[in-house]
Amino acid sequence: MRVGIDVSCWQNPRGFGRFTRELVRQLVHDHASRHEFLLVADRFTAAQGRFPADARLSVVDTRRQPMRAASADGWRSPLDLVRLGWHAARCRADVFLFPTVYSFYPVLGRVPIAVAFHDAMTEQRPDLFFPTRRAHAFWQAKVWLARRQASAIVAPSDSARRTVAAALRWPLESIARIDEAPAAIFCKTEDPAATRAVRSRCGLPLDVPLILYVGALSPHKNVASLLRAVANLRADAGWHLALIGEHRSDSALGCYEEIVALRAALALPGRVTLTGFVSDEDLALLYNAATMLVLPSLDEGFGLPVVEAMACGLPVVVSARGSLPELVGEAGLTFEPDDPSALTRTIARLLDDAGLRRELSIRGSVRAADFTWQRSARQMMAVLEKTAAR
């Protein structure tokens, strides 16, 4: 079977970029002996990405860089869309995969298409994602085309399956669940020198408990509630909050300025650091150096930082929305994301209870082991084979 895959979001720093990289690498590694893989990339991505050697790369001469073109306030050139769609059809694939609807473009042909929808938040709360009606209209058009062309739709959790099915009016039972997973680099380490060094590199204090937030600074991530929650911790409590994630070149609608202003208004500049982008190597060390990860999102399709943190033995505190309760099970603590006082109490409880932290660390490590990219690749290959056979 010949499998075509769009990889134009390969370099994207968000979760669906990592999903694309990890899943495609695993698919090619595990199945290249039985199937042929052809990756379709725009020229910008092709120049920057490191792709599996056992896959063939087809480069499209697009005018615009896709992360900017598909941004919250961007648009993709009609000529670029035609070129991408023509190349995808020219693959003569038995099935074609879009690892995220974010990078979808119409394929000019009759090839069966599988599309991954990571959540339905853009349909449920467009005000949190699009700065203008025009931007929202472009997104709606893309989703309509993706739904119309898709032979199969996949999502990363049961929660996402339900919301995507409702938003797209697609039969729930036909949406396959394709798990996400921690990359191999995210694991426990016993290297105090390395964890102290990463704190220094990121401008973080060495001698207080470290609270991590990992992800974009976007409205739906609810970071403002996290700042208000930590501001209400006891004045004598020792802690430092690190907000980790790219915020300067992120293509999605962001709230960086609002977070910086709120940090100042709450008198937190000395206790909250915005690190910006960090490498995977440093992120793994920060998970090992920290006391807890907090993810206060209003919704999540999966929540990749949570399984990364659990794989490193870090206790997690997550909102009781979307996929997050499903993801952590009994391995983490949950709270209502619209109640900062509940989050304050939960963080304080975990800071004060070393026994609870040890218990959650053990539970989290066991829970994270349930998620592997090998299994995700098997799940996806089963979908692709079934789709190609239709």
Side-chain angles (χ1 to χ4, degrees), residues 3 5-6 9 14-27 30-31 95-104 112-124 143 146-147 149-183 186 295 297 299-311 316 318-332 334 364 366-390:
V3 180
I5 306 177
D6 167 66
C9 67
R14 287 187 166 233
F16 49 75
R18 186 181 292 280
F19 176 84
T20 299
R21 294 188 297 273
E22 296 292 339
L23 181 67
V24 171
R25 285 172 181 150
Q26 198 68 52
L27 279 169
D30 293 350
H31 300 283
V95 62
F96 196 90
L97 170 65
F98 286 94
T100 170
V101 70
Y102 173 89
S103 61
F104 177 83
I113 293 173
V115 183
F117 282 77
H118 291 260
D119 55 64
M121 285 181 274
T122 48
E123 282 62 53
Q124 296 170 322
V143 169
R147 187 198 181 284
Q149 277 210 317
S151 302
I153 286 176
V154 303
S157 65
D158 287 337
S159 171
R161 288 176 62 246
R162 290 190 293 271
T163 56
V164 167
L168 300 184
R169 298 180 181 178
W170 193 279
L172 174 61
E173 64 276 7
S174 68
I175 298 178
R177 171 178 158 176
I178 309 296
D179 294 327
E180 300 181 19
F186 297 111
L295 196 61
S297 308
D299 198 357
E300 287 284 348
F302 187 77
L304 197 49
V306 175
V307 292
E308 293 173 349
M310 292 192 297
V316 297
V318 301
S319 76
R321 298 282 178 87
S323 66
L324 296 174
E326 169 191 342
L327 183 58
V328 302
E330 298 298 317
T334 63
V366 173
R367 177 62 175 155
D370 289 340
F371 301 94
T372 69
W373 286 113
Q374 291 89 344
R375 187 175 75 171
S376 300
R378 287 197 302 271
Q379 294 168 334
M380 182 61 85
M381 184 50 65
V383 171
L384 295 175
E385 290 174 343
K386 182 178 179 180
T387 303
R390 289 179 180 175

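When a residue number appears, it is its place in the shown sequence, counting from 1. Small disclaimer: the values here were computed from a predicted structure and weren't measured.
Not one N or O on the side chain of E326 forms a donor-acceptor pair closer than 3.5 Å with the backbone of S157. Q26 places no side-chain N or O within 3.5 Å of a backbone atom of S376 that could act as its donor or acceptor partner. With hydrogens and angles ignored, the 3.5 Å screen pairs no side-chain donor or acceptor of R177 with any backbone N or O of A160. The closest donor-acceptor contact from the side chain of H118 to the backbone of V101 lies at 3.5 Å or more, if one exists at all. Of the possible polar contacts, none joining the R367 side chain to the A331 backbone as a donor-acceptor pair under 3.5 Å is found.
Here CZ of F104 is found 9.5 Å from CG of D6. Values are rounded to the nearest 0.5 Å. Put simply, CG on L172 and CD1 on I153 are 11.5 Å apart, with the number rounded to the nearest 0.5 Å. To the nearest 0.5 Å, atom CG of residue L327 and atom OG of residue S159 are 10.5 Å apart. Taking OG1 from T20 and CZ from R25, the interatomic distance works out to 10.5 Å, rounded to the nearest 0.5 Å. Interatomic distance, CH2 of W373 versus CD of Q379, reported as 10.0 Å (0.5 Å rounding). In this structure, OG on S323 lies 13.5 Å from CZ on R161, to the nearest 0.5 angstrom.
When all heavy atoms of P325 and S319 are compared, the pair lying nearest together is CD-O, 3.8 Å. Between P99 and I5, the shortest heavy-atom distance links the atoms CG-CG2, 3.9 Å. The heavy-atom pair separating R18 from L304 by the smallest distance is CD-CD2, 3.3 Å. Counting all heavy atoms, side chain and backbone alike, I113 lies closest to Q149 at CD1-OE1, 3.5 Å. Heavy-atom minimum distance, D370 versus R375: O-NH2, 3.0 Å. Heavy-atom minimum distance, L295 versus G303: CD2-CA, 4.4 Å.
Scanning for salt bridge (Lys or Arg N to Asp or Glu O under 4.0 Å) contacts around R21 gives an empty result, with sequence neighbours left out.
Residues L324 and V306 have side chains in contact (heavy-atom distance under 4.5 Å, counting atoms from C-beta outward). Counting only heavy atoms from C-beta outward, the side chains of E180 and V307 never approach each other to under 4.5 Å. Looking only at side-chain heavy atoms (C-beta outward), I175 and V164 come within less than 4.5 Å of each other.
Ring centroid separation for the pair Y102 and F19 does not come in under the 6.0 Å cut-off.
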Worksheet item: Could you go step by step and tell me if M380 and L97 meet the side chain to side chain contact (heavy atoms under 4.5 Å, CB included) rule?
Response: CA-CA 10 Å; M380 182 61 85; L97 170 65; 4.0 Å; yes
Worksheet item: F117 and V143: side chain to side chain contact (heavy atoms under 4.5 Å, CB included), yes or no, with the steps?
Response: CA-CA 10 Å; F117 282 77; V143 169; 4.1 Å; yes
